[in-house]
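Presented below is the structure to which this report refers.
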There are 2 protein chains.
Amino acid sequence: MSRPPSAKEKIIDAYVSMLCNEGERAATMEATAAKAGVSKGGLLYHFASKELLAQGAIEGLFKSHEEDMELMSSAPEGPAIYFVRTSTMIGGDLDRYFLAVLRLAQGGHEPSVIALDQVQQSWLDLIRSEVSDKYAAEAIMLIGEGLYYQTSMPGSWSTGTFGKDLEHLLKQVQRLKNGS
Amino acid sequence: MSRPPSAKEKIIDAYVSMLCNEGERAATMEATAAKAGVSKGGLLYHFASKELLAQGAIEGLFKSHEEDMELMSSAPEGPAIYFVRTSTMIGGDLDRYFLAVLRLAQGGHEPSVIALDQVQQSWLDLIRSEVSDKYAAEAIMLIGEGLYYQTSMPGSWSTGTFGKDLEHLLKQVQRLKNGS
DNA sequence: GTCTATAAGTCGATAGAC
DNA sequence: GTCTATCGACTTATAGAC
């Protein structure tokens, strides 16, 4: 797992970084190749089209998501709090891949839209296994999504008005968890 | 106000529609001109650059927002419920402009990021004038943003899992409004 | 496997006729 | 005010040398 990164891994990593930090428009194959330290032709040997590059990012998301679901299931505070808390975190593998695929989806990439739907549905399912009230679970899910949507704004990485007083916000989530 | 639409208005309307329905990448000047029924040169007479086209969309947002703030202030159910309810609505002027500017912001357009910040701040201010608990107000705001972020997915205009049972979700908002 | 060179198309913007 | 024609830069993808 910690073997020297293959060229393919370096390219995907560069592509994901470009998507997160510079936006979808800036994440061209040429810029990705330069950031990965290879030439355009070298990149195209590993990923014959831009579509395959996007597929690589989606596969990375699924892999990170699978690992995170284990953590979310067994979180001491419960899945709901874990979910909202991690919605404001950045830097982890899952966050990087999620934001990268979100950028692709926002740009109109259909497979990315479908992949995000799948991931979010599995989050909602897990929260609903903890929070019996269906609509309270949805409200909690939406708070997490709202937080993520805010941090996903280009330029304003986590500099939002929320997030700072996260613990206070989590108390509101607790109120939703405790049935009416 | 209901005079025959000028070419300028037709162009802005076409541009906003392209942004909403096809995404930022597809909203090229050529495609916008075609949808507005003019040539590329004709478009460039009214908007000498793409940046000016984006400014037109932002101005449309501010104009619609100003009118909506009056409705939100005087809504019978109160600003908070009004806000969450209208987060799932599509087709109105405000929603169209907001989504269009959101697409620009997600693509990295800084003036759009700033414009959205202003609009959202004014919403939060109004909600906080009704909901005294600061963090309950933030939670309500995030629910509305989460709903909007969901409907803003290209292709899946309002076909999300929420929104259908909006009245049930609004009961959760009511719970947040009534202090703990 | 990785490179250079280049084809083929698209985008924003300019120039000038009408 | 609106059009056609075109430029230059950029982007994806191909071809072929090493």
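Each chain gets a letter, A, B and so on, in the order the sequences are listed, and its residues count up from 1. From a predicted model like this one, the values you see are computed outputs, not experimental measurements.
If you measure from atom CD1 of B/Ile11 to atom P of D/dT2, you get 7 Å, rounded to the nearest angstrom. Atoms CG (A/Leu43) and P (C/dT2) sit 10 Å apart, rounded to a whole Å. Rounded to whole Å, the distance from NE2 on A/His109 to P on D/dT12 is 13 Å. Atom NZ of B/Lys10 is separated from atom C1' of D/dG1 by 12 Å (rounded to the nearest Å). Atom CZ in A/Phe47 sits roughly 14 Å away from atom P in C/dG1 (whole-Å rounding). In this structure, CZ of A/Arg25 is placed 11 Å from C1' of D/dT11, rounded to the nearest angstrom. Spacing between atom CD of A/Glu51 and atom P of D/dT11 amounts to 18 Å, rounded to whole angstrom units.
Contacts of A/Ser39 with the nucleic acid, taken as non-hydrogen atoms under 4.0 Å apart, include base atoms.
Considering only side-chain atoms of B/Glu30, the nucleotide from D/dT11, C/dC11, D/dT2 that sits closest is C/dC11. For B/Lys50, the side-chain atoms get nearest to C/dA13 when compared with the rest of C/dA13, C/dC3, D/dA13. Set against C/dT14, D/dT14, C/dC11, the side chain of A/Leu44 has D/dT14 as its closest nucleotide.
A residue-by-residue look at A/Lys40 and A/His46 shows that A/His46 has its nearest nucleotide of DNA chain C further toward the 5' end. In this structure, A/Gly41 and A/Met29 both approach DNA chain D, and ranking their closest nucleotides by distance from the 5' end singles out A/Met29.
Expressed to the nearest 0.5 Å, how far CD of A/Glu30 lies from NZ of A/Lys40 amounts to 4.0 Å.
In summary, the aromatic rings of A/Tyr149 and B/Tyr148 are positioned with their centroids too far apart to meet the 6.0 Å limit.
More than 12 heavy atoms of other shown residues, nucleotides or ligands fall within 6.0 angstrom of atom CD in B/Glu51.
For B/Tyr45 and D/dT2, the shortest distance from a side-chain N or O to OP1 or OP2 is not below 4.0 Å.
Residues A/Arg175 and B/Gly179 come closest through the heavy atom pair NH2-C, 3.8 Å. Here the closest heavy-atom approach between residue A/His109 and residue A/Ala54 is recorded as CE1-CB, 3.7 Å.
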